[in-house]
Amino acid sequence: MFDELRPEVLVVGAGPVGLFTALSLARRNVNVRIIDTGVWACTHSYALAVHPQALDLFAALGLRERILESSYPVHRIAFCDREGTRVAVDAGDSAHPLAVVRQDALENLLEDELEKLGVKVGWRQEAAAITPLDDGARVLVQKFEKESRGYIVAHTEWVVSKTWELEPRFVVGADGYNSRVRRTLDSEFPEIAPAQYFAVFEFRTDADLKHTVRVAFDNGTTNVLWPLPGGAARWSFELPGYTPQAPDPVEALRRAGFGDFPSERQKDRVPLSPGLDLPVLDEVHLREYLRERAPWFTGSIEKLTWRIVVRFERRLAKRFGAGRLWLAGDAAHLTGPAGVHSMNLGFWEGSDLAQRIEAVLRGGADPRTLDEYNARWLGVWRQLHGLERAPAPGAQTDPWVASHAAQILGSLPAWGAAYEDMAARLGLAVQG
Ligand SMILES: Cc1cc2nc3c(=O)[nH]c(=O)nc-3n(C[C@H](O)[C@H](O)[C@H](O)COP(=O)(O)OP(=O)(O)OC[C@H]3O[C@@H](n4cnc5c(N)ncnc54)[C@H](O)[C@@H]3O)c2cc1C
């Protein structure tokens, strides 16, 4: 019988990558537990598209049709400047589109599927300390509850209501930007390129977006127009030279040493508050960005439903794990938003980890198979960051494509051979 305190795998973090990894493990009959400091799954769409390649992973779990039902299919990526489209490339076909689906819808689907297998996400539970062991790890888990204090001014604060220790044989750190699993591994997380800020707006529009994502380059900025399900759109505008006006309260607390508290699903990637009062987010600015960077967008701007400034760092962990502790998703890598890489490759990493861990637990495979996991995904990410085997323009490449090569490559929703193929169709080839 399954010893609850000794699961075969503990997944830390119930974001999209943690949920997907836990489901991949559970479907392989691996005893898995999954915990998250948050109160529930996220309530908005952050990363908003599943790559055509990643749909195959969902197909293997019997979930591809469910995703397609609730998504808006994108078949083309158009690269533009102020004048309009300069070049376009197919992004999938009708069976494998780039599926625009809300991240919260995706997370809810994964959580429901996990529950069907008897795996309940342990919300409000934090992996507070992790000790690597030769054949597993010891993890101190803290459970938080809200407690009311005081009687003159009612005041509610989070308190640790319970602690216990788990001894899993493997830990998967899908615990995002500020990953405790990564910090336990002492894996450096260097910056590969400077952080980028984006002003993001979602609104209803009458524009016919024709199943196309449009990536508009202007004066060194990358700006992306995503069609969303239900006649809506998301525009993201890069803000060069932007400096936040006020530090995010969560970040400020963390810097002051109050790092270990839960919040409603701490989205560590967003050091800025939704800040509807930030001037860069008012409708006047939205119209100005459009006039300057994409005057060809003539669709209506009906009700603005969401706006936010997001900071995207670009980092890559020195290693994806060691021994019994392994990383997937944002815990291991961060990048810009246009190619939706961090979440989608996180699904592949989670799937790969599930296979390898099952092989060790059930098939007696050498745990060193996981070292290959490290080498494989470091290589994939180094290519995406342009650090090795980067596709490059040649003599025949369209001069406009050649002059925007780095921005185009960062926006391709694919990895590995599919990424190289998409780049080659645009005249950007891997040399040698
Ligand atoms: C506003 C916004 C807009 C975005 N837009 C895009 C976009 O356009 N394109 C794109 O590709 N990506 C975008 N992203 C990024 C995208 O959301 C992430 O890449 C994706 O969520 C990564 O998933 P993950 O599961 O690896 O990590 P996360 O979603 O960050 O999940 C990590 C989870 O771990 C939990 N956790 C952390 N520490 C612990 C601990 N010690 N114990 C227990 N639980 C813990 C956290 O509560 C969190 O739920 C956006 C993000 C934000 C915030």
Side-chain angles (χ1 to χ4, degrees), residues 40-49 70-74 77-78 80 82 84 98-108 195-219 221-250 263-265 267 269-312 336-338 340 343 411:
W40 46 67
C42 77
T43 52
H44 195 82
S45 183
Y46 299 109
L48 78 178
S70 50
S71 69
Y72 177 96
V74 162
I77 308 175
C80 320
R82 284 177 205 194
L98 177 59
V100 179
V101 58
R102 293 173 58 98
Q103 185 176 325
D104 48 352
L106 200 58
E107 291 186 11
N108 289 337
Q196 298 165 296
Y197 287 89
F198 284 83
V200 181
F201 299 85
E202 286 184 8
F203 52 87
R204 293 191 57 79
T205 180
D206 62 3
D208 177 2
L209 298 175
K210 297 189 190 314
H211 300 273
T212 301
V213 170
R214 290 169 178 80
V215 185
F217 303 130
D218 184 65
N219 261 332
T221 62
T222 300
N223 311 281
V224 190
L225 168 61
W226 283 96
L228 301 179
R234 177 192 287 189
W235 259 111
S236 305
F237 300 96
E238 188 176 348
L239 304 176
Y242 182 80
T243 38
Q245 289 159 331
D248 169 65
V250 170
S263 66
E264 281 187 16
R265 185 96 193 287
K267 284 309 225 165
R269 186 85 85 98
V270 204
L272 301 176
S273 66
L276 294 183
D277 52 343
L278 289 177
V280 289
L281 290 176
D282 62 31
E283 196 174 325
V284 175
H285 274 87
L286 165 60
R287 290 188 185 275
E288 201 174 300
Y289 300 135
L290 287 171
R291 201 167 41 247
E292 281 176 5
R293 304 182 189 183
W296 42 263
F297 180 83
T298 51
S300 61
I301 299 171
E302 293 161 31
K303 198 169 141 34
L304 270 172
T305 51
W306 194 57
R307 26 195 172 148
I308 191 169
V309 173
V310 191
R311 187 170 78 145
F312 285 86
V340 206
M343 179 180 79
S411 311

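We're numbering straight along the sequence, starting at 1. Since the structure is predicted, the reported quantities are computational estimates derived from the model, not experimental observations.
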Query - Test ring-ring contact (aromatic ring centres under 6.0 Å, His included) applied to Tyr72 - qualifying residues, sequence neighbours left out - result: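 Scan of Tyr72 (ring-ring contact (aromatic ring centres under 6.0 Å, His included), adjacent residues dropped) gives His211.
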How close do [X] and [Y] get, counting heavy atoms only, and between which atoms?
X      : Y      : value
Ala216 : Trp296 : CB-CZ2, 4.0 Å
Ala294 : Trp235 : CB-CH2, 3.7 Å
Val280 : His285 : O-CB, 3.6 Å
Ala49  : Leu98  : CB-CD1, 4.0 Å
Arg293 : Phe237 : NH1-CB, 3.7 Å
Trp226 : Val340 : CZ2-CG2, 3.6 Å

Please round to the nearest 0.5 Å and tell me the distance separating atom [atom1] of [X] and atom [atom2] of [Y].
X      : Y      : atom1 : atom2 : result
Arg214 : Leu209 : CZ    : CG    : 6.0 Å
Asp104 : Arg102 : CG    : CZ    : 4.0 Å
Thr212 : Ile77  : OG1   : CD1   : 9.5 Å
Arg307 : Leu286 : CZ    : CG    : 9.0 Å
Glu283 : Ile301 : CD    : CD1   : 5.5 Å
Glu202 : Leu228 : CD    : CG    : 5.0 Å

Query - Verdict with reasoning, Tyr289 to Leu239, per side-chain contact (heavy atoms from CB on, under 4.5 Å) - result: CA-CA 10 Å; Tyr289 300 135; Leu239 304 176; 3.5 Å; yes
Query raised in the report: Can you tell which of Arg234, Met343, Gln103 makes a side-chain contact (heavy atoms from CB on, under 4.5 Å) with Leu48?
Result: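 Of all the options given, the one that passes is Arg234.
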Query raised in the report: Excluding sequence neighbours, so at least two apart, what forms side chain to side chain donor-acceptor pair (under 3.5 Å) with Ser236?
Result: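 By the side chain to side chain donor-acceptor pair (under 3.5 Å) rule, Ser236 matches no residue at all.
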Query raised in the report: Partners of Thr221 by side chain to side chain donor-acceptor pair (under 3.5 Å), sequence neighbours excluded?
Result: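 Here the qualifying residues are Asn223.
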Are any non-hydrogen side-chain atoms of [X] and [Y] less than 4.5 angstrom apart?
X      : Y      : value
Val213 : Pro227 : yes
Phe198 : Tyr242 : no
Thr222 : Phe217 : yes
Pro229 : Val101 : no

Query raised in the report: With no hydrogens and no angle check, is any side-chain donor or acceptor of Thr205 less than 3.5 Å from a backbone partner on Ser300?
Result: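 Yes, because the side chain of Thr205 sits within donor-acceptor range (under 3.5 Å) of the backbone of Ser300.
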